[in-house]
Amino acid sequence: MNKTAVGRYMTRVLRHEPSAGFLEVDEHGWANVDELIDAIRKVKEPAFDRAALDDVVATDNKQRFSYSEDGKLIRANQGHSIPVDVELPVTEPPEYLLHGTGAKFTESIDRTGLDRRSRLYVHLSSDIETARAVGIRHGTPVIYRVKSGEMARDGFTFYRSVNGVWLVESVPVKYLEKLDV
Ligand code: HQG
């Protein structure tokens, strides 16, 4: 089984385009496990089953997916573009967080700050390796340091996903500084 391809397909249908998996996703991001397995069988892996899905969920390198307590539903932990509320806990952030991006975006970011683009939130990380890896996806990486503590004191709400990604609706320019890395 090509786990990476299945995982990519799952992020696409669970975060962005449920119709591509003939699925419905509820207001909290949950989709029916059996329907997802059927979709993966049709589109990617004819022999896919629950054990294979358990394996994809358990071994995903960013722990992108969770089951409901009864195991009948599944959702992406974060990263959606469709409007869902995955009931993330509001969490007090550390004094600083990081955002990795591509050099091609910095002129715009320096003018307008970070905004959520096609996703529901701006994604932030707490370590430099992750920020760099996120940035490299967009070309030459650039890392911003975000004054998250000051933002929280100014009333911004931060959420922490189960896999350690920090989320916030936007980051105005005054809370950003480019790191020399
Ligand atoms: C940039 C992956 C111009 C922003 C990763 C980013 C992450 C602006 C890009 C997760 C801007 C959006 C999210 C502005 C923001 N002007 N560019 N005003 N504001 N941008 O992919 O943060 O594998 O939607 O800097 O690991 O790169 O999907 O966000 O470069 O955790 O689980 O617009 O996706 O995780 O790109 O990545 P993305 P991201 P998964």
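All ligand and atom numbering here is 1-based and tracks the order in the structure.
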side-chain hydrogen bond (donor to acceptor under 3.5 Å, both in side chains) assessment of T59 paired with K3: CA-CA 9 Å; T59 58; K3 275 206 252 182; 3.1 Å; yes
Y144 vs L98, side-chain contact (heavy atoms from CB on, under 4.5 Å): CA-CA, chis, key distance, verdict: CA-CA 6 Å; Y144 285 90; L98 301 169; over 6 Å; no
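- Applying the 4.0 Å criterion to heavy atoms of T112 picks out, from ligand 1, the atoms 18 (N).
- Ligand 1 lies nowhere less than 4.0 angstrom from a heavy atom belonging to R111.
- Surrounding CD of E169 are at most 12 heavy atoms belonging to other residues, nucleotides or ligands under 6.0 Å away.
- At a heavy-atom distance under 4.0 Å, no atom of R116 approaches ligand 1.
- Listed by number with element, the atoms of ligand 1 under 4.0 Å from a non-hydrogen atom of G113 are 14 (C), 18 (N), 19 (N).
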K62 and D60: CA distance, side-chain angles, deciding distance, salt bridge (Lys or Arg N to Asp or Glu O under 4.0 Å) verdict: CA-CA 6 Å; K62 290 192 194 164; D60 182 77; over 6 Å; no
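- The distance criterion of under 3.5 Å between nitrogen or oxygen atoms is met by R119 with respect to ligand 1.
- Judged by a 6.0 Å distance limit and a 45° cone about the ring axis, K147 is not positioned over the six-membered ring of Y96.
- Among protein heavy atoms, the minimum distance from atom 3 (C) of ligand 1 is reached at S108 OG, 3.3 Å.
- The shortest distance between side-chain heavy atoms of F158 and M151 falls below 4.5 Å.
- At a heavy-atom cutoff of 4.0 Å, ligand 1 is contacted by the side chain of R15 but not by its backbone.
- Residue contact annotation: L114 has a non-hydrogen atom under 4.0 Å from ligand 1.
- The shortest contact between atom 22 (O) of ligand 1 and any protein heavy atom is with H99 CE1, 3.6 Å.
- The protein heavy-atom contact nearest to atom 19 (N) of ligand 1 is D115 N, 3.0 Å.
- A133 does not count as a contact of ligand 1, since none of its heavy atoms falls under 4.0 Å from the ligand.
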